[in-house]
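Worksheet: the structure to be examined is printed underneath.
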Amino acid sequence: MISMDDRLKEQIDFILEIDKMKEILRQNYLADGSARENDADHSWHLAMMALVLSEYSNEKVDVTRVVPMVLTHDLVEIDAGDTYAYDEAGALTKEKREKAAADRIFGILPKEQGTWMRGLWNEFEACNTPESKFAHVLDNSLPLFLNHAAGGISWKEHKVKRSQIYKRNRITGDGSAKIWEYMQELIQENINKGNIIDDRS
């Protein structure tokens, strides 16, 4: 029997650990409305969006950095769970829960790989580079695109208001003015359909 060296064992342990992403259900539905998406679905979809939509970033971005960033940004939810975008109570403890999760999960890997992935996660959270700003555009726009395609199911379930969507997307335009412009058109369309509550006074 071939024995596994320590480095390979750590890497395989990490690969098996992140399989748990497939079990974490999000509040958004698939485009056809048939089921809720999971974290693995979400991360894969963001990676494909990065490849397809990078031309709409306000600044030139290195897609080879954006793709691993969006693939790793939600790994912390294995421990911390998915905090719904409009869950104000959950948002109060989100940072603490996710930092502890990042320490554990990225710590499974060999040191230099864990440090690299943790760095990508930190960069995403800080949202102060062209790549992280564009990654946030993708992370914020995909749920909106899916919700629109699925007839606003999640918005209606949670009685989401226009003000909540605009608050969540206050920095989206910093990463892509073009995509944010399109998102605003979809928001208005769904307000008109009654899927989103228009709370403008």
Taking all atoms of both residues into account, what is the closest heavy-atom pair of [X] and [Y], and its distance?
X: L186; Y: F145; answer: CD1-CD2, 3.7 Å
X: I196; Y: I187; answer: CD1-O, 3.9 Å
X: S154; Y: N147; answer: N-OD1, 3.2 Å
X: D139; Y: H42; answer: OD1-NE2, 2.7 Å

Within the 4.5 Å heavy-atom criterion, are [X] and [Y] side-chain neighbours or not?
X: R26; Y: P143; answer: yes
X: L75; Y: F14; answer: yes
X: M49; Y: L142; answer: yes
X: K60; Y: P130; answer: no
X: W121; Y: M69; answer: no
X: N58; Y: F134; answer: no
X: L109; Y: E10; answer: no
X: L51; Y: V67; answer: yes

Distance in Å, Q184 CD paired with L144 CG, rounded so as to fall on 0.5 Å steps: 10.5 Å
Evaluation steps, ring-ring contact (aromatic ring centres under 6.0 Å, His included), between H73 and H136: CA-CA 10 Å; H73 84 290; H136 273 272; 8.1 Å; no
Pair Y182 + Y56: ring centers closer than 6.0 Å: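 Judged by ring-centre distance (under 6.0 Å), Y182 and Y56 do not meet the cut-off.
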Remaining members of the apolar cluster that contains I171, side-chain heavy atoms under 4.5 Å: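 When side chains under 4.5 Å apart are linked, I171 ends up in no cluster with other residues.
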Whether Y166 and W180 hold their rings parallel, tilted or perpendicular, with breakpoints at 30° and 60°: perpendicular
Side chains of S57 and S54, donor plus acceptor under 3.5 Å: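 Short answer, no.
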Joint hydrophobic cluster, L71 plus I24, side-chain heavy atoms closer than 4.5 Å: no
Whether R65 side chain and D62 backbone form a donor-acceptor pair below 3.5 Å: no
